[in-house]
Amino acid sequence: MKKIIAFNWKMSPSSLKEAEQIIKIFQNPRSMIHDPRLIICPPFIFLQPLSKLLKTKNSKLKIHLGAQDVFWAKQGAFTGEISASMLKNLGVKYVIIGHSERRKWQNETDEIINKKIKIALETGLKIILCVGENLSVRKKGIKFVKQFIKSQLQKDLSKLCPYGTSREARQTTNYKLQTNLIVAYEPIWAIGTGNYCDPKDAVEVVKFIKQTLNPKVILNSKVLYGGSVNSKNIKDYLKYKEIDGVLVGGASVDKKELKLILKNLNAI
Ligand code: PGA
């Protein structure tokens, strides 16, 4: 199976010119990658120009675009928000939902995240749902980490799998989750800190997430790892068959790092 490599640019870079320079790194033949599924998630305002750039005739790139967030309502008077259909109509395929930075700075609750997942599924967007514990939970031990993540998954995916309704409805919902949901295990203490999770510990949680979701919620769910992934450690995660890919933040907008990451990907 193709590994999924998603790049979360967060609130960077500060100009379109710089964004285009980052894309050029992918276009450099030495860093051209055909195998993994590449997803770039830039800030909203760069989605349209970058989608045009990626569609240009001479572009051999296979890069999908993802948004970093979406609003939960279909339409209406919600100043400053971006709807799922706006993203879809722009050709955006993926959307990150429930990133811990949004949970923290925008006070996003599991209830809001659940609504966002619902609208994204209805609109036909693929979701990268982020879950992960903070340091105090991690310090209590792996049992508590698992409990925490299970509870996040149950709340975030609540009512998306209506066990009580007809078989047909169940199958339809399951099918949508099956093909459109990717979970990213992103321990909060590892994000942006350089203090990445030991790959073996990440595998344990990734396996747990898969057990929690399979087979009732989704069969063969895809789970990524994210948190201080860089050019030096990326291969240590990707070598595990349980880890379906990585979500890279800070290193994906550092041009030097990005070049090395792409080089390493070519080597796997
Ligand atoms: P990081 O961020 O790679 O900078 O730790 C990962 C993320 O927030 O998705």
Side-chain angles (χ1 to χ4, degrees), residues 3-14 18-19 22 25-26 36-44 46-47 63-70 92-108 113 116-117 120 126-135 137-138 145 148-149 152-153 156 181-199 201-203 205-206 209 222-238 243-265:
K3 296 280 185 180
I4 299 165
I5 317 293
F7 299 102
N8 175 12
W9 286 9
K10 308 195 184 193
M11 202 172 70
S12 290
S14 53
E18 285 174 80
I22 298 174
I25 294 176
F26 288 88
R37 197 187 317 166
L38 300 173
I39 306 163
I40 295 181
C41 305
F44 283 132
F46 298 142
L47 284 168
I63 296 181
H64 302 284
L65 277 181
Q68 296 174 17
D69 183 42
V70 65
V92 172
K93 277 225 164 72
Y94 292 82
V95 58
I96 297 173
I97 297 182
H99 192 283
S100 60
E101 284 155 9
R102 293 200 61 85
R103 291 183 193 251
K104 180 178 176 187
W105 300 112
Q106 273 73 30
N107 295 322
E108 278 193 10
I113 289 162
K116 290 186 171 188
I117 294 175
K126 291 185 187 290
I127 295 148
I128 302 175
L129 166 65
C130 299
V131 295
E133 79 287 356
N134 62 25
L135 193 56
V137 175
R138 173 54 72 161
V145 171
F148 182 87
I149 284 171
Q152 271 190 328
L153 287 172
D156 295 347
L181 180 77
I182 298 167
V183 176
Y185 169 53
E186 293 218 308
I188 296 170
W189 49 270
I191 296 179
T193 59
N195 188 17
Y196 57 89
C197 183
D198 183 296
D201 295 341
V203 170
V205 181
V206 164
I209 293 172
K222 291 185 181 57
V223 184
L224 318 181
Y225 166 76
S228 294
V229 174
N230 58 36
S231 62
K232 291 197 182 77
N233 61 26
I234 190 164
K235 282 206 262 181
D236 299 334
Y237 295 103
L238 296 179
I243 299 183
D244 298 300
V246 286
L247 180 52
V248 188
S252 67
V253 282
D254 175 330
K255 289 183 209 134
K256 242 174 149 182
E257 263 297 293
L258 180 63
K259 279 181 197 161
L260 289 171
I261 286 175
L262 296 180
K263 207 172 144 198
N264 277 340
L265 285 179

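Nothing fancy with the numbering, it's 1 onward along the sequence. These numbers were taken from a predicted model, which means no experiment stands behind them. Note that ligands are numbered from 1 as they come in the structure, with each ligand's atoms numbered from 1 the same way.
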Checklist entry - Does some side-chain heavy atom of Tyr196 sit less than 4.5 Å from a side-chain heavy atom of Asp236? => result no

Checklist entry - So, Lys116 side chain and Val70 main chain: donor-acceptor pair closer than 3.5 Å or not? => result yes

Quick check for students: name every N or O atom pair between ligand 1 and the protein closer than 3.5 Å, with distances.
from     : atom 1 : to     : atom 2 : distance (Å)
ligand 1 : 2 (O)  : Lys10  : NZ     : 3.1
ligand 1 : 3 (O)  : Ser228 : N      : 3.4
ligand 1 : 3 (O)  : Gly249 : N      : 2.9
ligand 1 : 4 (O)  : Gly250 : N      : 2.8
ligand 1 : 5 (O)  : Gly192 : N      : 2.7
ligand 1 : 5 (O)  : Ser228 : N      : 2.7
ligand 1 : 8 (O)  : Lys10  : NZ     : 2.8
ligand 1 : 8 (O)  : His99  : NE2    : 2.6
ligand 1 : 9 (O)  : His99  : NE2    : 3.3
ligand 1 : 9 (O)  : Glu186 : OE1    : 3.2
ligand 1 : 9 (O)  : Glu186 : OE2    : 2.7

Item to check | For Ala190, side-chain contact (heavy atoms from CB on, under 4.5 Å) partners two or more places apart | outcome: Pro187, Tyr225

Checklist entry - Is Phe148 close to Val131 at the side-chain level, that is, under 4.5 Å between some pair of heavy atoms? => result no

Checklist entry - Quick check: does any side chain N or O of Asn233 sit under 3.5 Å from a backbone N or O of Pro199, one acting as donor and the other as acceptor? => result no

Next on the checklist: Under a 3.5 Å distance rule, please check whether Asp244 uses its side chain to pair with a backbone N or O of Leu224 as donor and acceptor.
Outcome noted: no

